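Have a look at the structure below, then the notes.
A, B, ... follow the sequence lines: proteins, then strands. Residue 1 opens every chain. Nothing here was measured: the structure is a model prediction, and the numbers come from that model.
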2 protein chains.
Amino acid sequence: MADHMGGSGTGGGEQLLFLTDDQLRRGIEAMFFAYRGFTADPDRILNERGYGRAHHRAVHFISRSPGTTVNNLLGILGVTKQSLNRVLRTLVDDGLVESRVGSHDRRERHLFLTEDGLELERHLSEAQRGRMRAAYREAGPEAVAGFRLVLEQIMDPDLRRHFKTLKEGQ
Amino acid sequence: MADHMGGSGTGGGEQLLFLTDDQLRRGIEAMFFAYRGFTADPDRILNERGYGRAHHRAVHFISRSPGTTVNNLLGILGVTKQSLNRVLRTLVDDGLVESRVGSHDRRERHLFLTEDGLELERHLSEAQRGRMRAAYREAGPEAVAGFRLVLEQIMDPDLRRHFKTLKEGQ
DNA sequence: CTTGGAAAGTCAACAAGGCTGACATAAACT
DNA sequence: AGTTTATGTCAGCCTTGTTGACTTTCCAAG
């Protein structure tokens with residue numbers, strides 16, 4: 001099924017797709033169930049250490065962009081500073097994150113993972129990558145390309161900007 | 001890129017994939033950002049009416065399987081009966097869901113959407129389908145097939161069972 | 001017919017993690 | 001000097017998850 005003309009080019013605009021509500025509904029349910037699996041392994045690890053998903057997100061993006069500022073993180077995570085601050089405070093108090101006053105602009109705080117923070121990040125991301133790796137292997141390389149392409153289209157434009165910045169940038 | 005041997009067959013086992021941690025990390029971030037977009041439109045609608053995602057999930061799966069029991073819903077949603085019950089109670093009180101005592105087994109409650117419930121469900125799912133449809137169109141049919149394939153592999157086995165039951169069943 | 005247990009509902013208490021609003025401080029900008 | 005920006009913090013609220021305890025209903029097996 002679904003072998004009309006191919007054309008897997010990235011920039012391609014509309015193609016002749018007949019998408020029934022039922023097909024779309026299956027995609028929606030797939031997203032729902034898959035996201036549960038996607039977060040299941042990290043959730044277990046976090047739970048053991050008394051953290052939640054919010055801590056994972058902070059740790060992930062600090063690891064991804066060491067020295068990032070609070071404001072930048074707020075843009076990526078899309079939460080209020082109060083929410084983020086509560087999470088960051090516990091991470092700093094627990095010695096997983098270091099917050100350094102900016103040298104250029106001393107209002108800013110630059111965030112870094114400590115050794116312990118890096119250890120947790122490795123643990124979490126290894127678990128999550130393990131599942132993704134297994135899924136990718138089962139599905140095959142073409143499926144993976146499609147997977148990423150569709151996900152990118154589902155994003156809100158400003159989040160896609162963040163995503164692409166992370167993708168390309170350093 | 002990624003054009004070794006193709007072989008997009010569904011049951012295929014391992015293929016020669018070289019997956020760097022960086023490629024996997026991008027997939028993980030794609031899931032994170034995409035899920036935000038995925039829920040953004042329904043969240044807006046729910047917010048206007050004073051409901052949350054938990055209500056959406058209940059309404060969705062009741063709509064999907066009218067007459068389903070509370071226990072079945074618990075298995076699908078993976079929450080405690082107390083959590084689900086709180087949500088169901090407000091939906092019943094607000095006249096969006098009808099809870100009928102089972103005729104065969106009168107301990108069970110069978111759940112149905114009322115006219116108002118159907119109206120909300122249509123509103124929510126039309127918004128969500130709209131985004132999925134647009135994403136599918138942009139990404140193309142092959143990408144969509146890959147998208148669904150990878151998502152299915154990310155699921156936990158028991159959730160995959162639920163997913164497939166919903167996919168095929170009635 | 002009695003009793004064990006499953007299904008469902010309810011109450012209470014708690015925690016995580018969102019939110020808003022108000023306010024403080026320091027630093028940078030104009 | 002005055003304004004804006006970046007951050008932090010306090011207080012309070014909401015949703016949605018949790019556990020634990022208890023009741024009611026009612027099927028089904030002894």
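- A:D22 has a carboxylate O that lies under 4.0 Å from a charged side-chain N of A:R26, or vice versa, which qualifies the two as a salt bridge.
- Between B:T90 and B:H55, the side chains place a donor N or O and an acceptor N or O closer than 3.5 Å (distance only, hydrogens not considered).
- Checking C:dG9, D:dT7, C:dG17 against the side-chain heavy atoms of B:K81 singles out C:dG9 as nearest.
- Regarding A:R86, its CZ atom lies at a distance of 11 Å from the C1' atom of D:dC13, rounded to whole Å.
- With hydrogens and angles disregarded, no donor-acceptor distance shorter than 3.5 Å links the side chain of B:R129 to the backbone of A:R25.
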inquiry  = side-chain contact (heavy atoms from CB on, under 4.5 Å) for B:R160 and B:E152? Distances and angles first, verdict last.
reply    = CA-CA 7 Å; B:R160 184 153 57 235; B:E152 211 167 306; 3.8 Å; yes
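- One can place CZ of B:R57 at 8 Å from C1' of D:dT16, the figure rounded to the nearest angstrom.
- In terms of phosphate contacts, B:T80 brings no side-chain nitrogen or oxygen within less than 4.0 Å of OP1 or OP2 of D:dG17.
- Listed nucleotides C:dG18, D:dT16, D:dC10 differ in distance to A:S83; the shortest reach to its side chain belongs to C:dG18.
- Taking 4.0 Å as the cut-off between side-chain N and carboxylate O, A:E108 and A:R106 do not count as a salt-bridged pair.
- With rounding to whole Å, B:L84 atom CG is found 15 Å from D:dT15 atom C1'.
- Taking side-chain N and O atoms only, A:H55 has a distance below 4.0 Å to OP1 or OP2 of C:dG17.
- Using a cut-off of 4.0 Å between Lys/Arg side-chain N and Asp/Glu carboxylate O, B:K164 and A:E29 are scored as not salt-bridged.
- Two residues are said to be in side-chain contact when any heavy atoms from C-beta on lie closer than 4.5 Å; B:F112 and B:V97 fail this criterion.
- Among the nucleotides D:dT16, C:dC23, C:dT10, the one closest to any side-chain atom of B:Q82 is C:dT10.
- Rounded to whole angstrom, the span from the CG atom of A:L46 across to the C1' atom of C:dG17 amounts to 13 Å.
- Protein atom CZ of B:R89 is 7 Å distant from nucleotide atom C1' of C:dT10, rounded to whole Å.
- Counting to the nearest Å, the P atom of D:dC14 and the CZ atom of B:R49 are 22 Å from each other.
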How far apart are the C-alpha atoms of B:D156 and A:R36, what are their side-chain angles, what is the distance that settles it, and do they pass the salt bridge (Lys or Arg N to Asp or Glu O under 4.0 Å) test? CA-CA 8 Å; B:D156 265 349; A:R36 293 256 300 277; over 6 Å; no
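- Taking every heavy atom of residues 70-79 of chain A and every atom of DNA chain C, pairs under 4.0 Å involve A:G78, A:V79, by number.
- Rounded to whole Å, the distance from CG on B:L88 to C1' on D:dT16 is 13 Å.
- Between B:F61 and B:T68 there is no side-chain heavy-atom pair separated by less than 4.5 Å.
- Computed from coordinates, the B:N85 CG to C:dA7 P distance equals 15 Å when rounded to whole Å.
- Listed by residue number, A:H104, A:D105, A:R106, A:R107 are the residues of residues 92-111 of chain A with a heavy-atom contact under 4.0 Å to DNA chain C.
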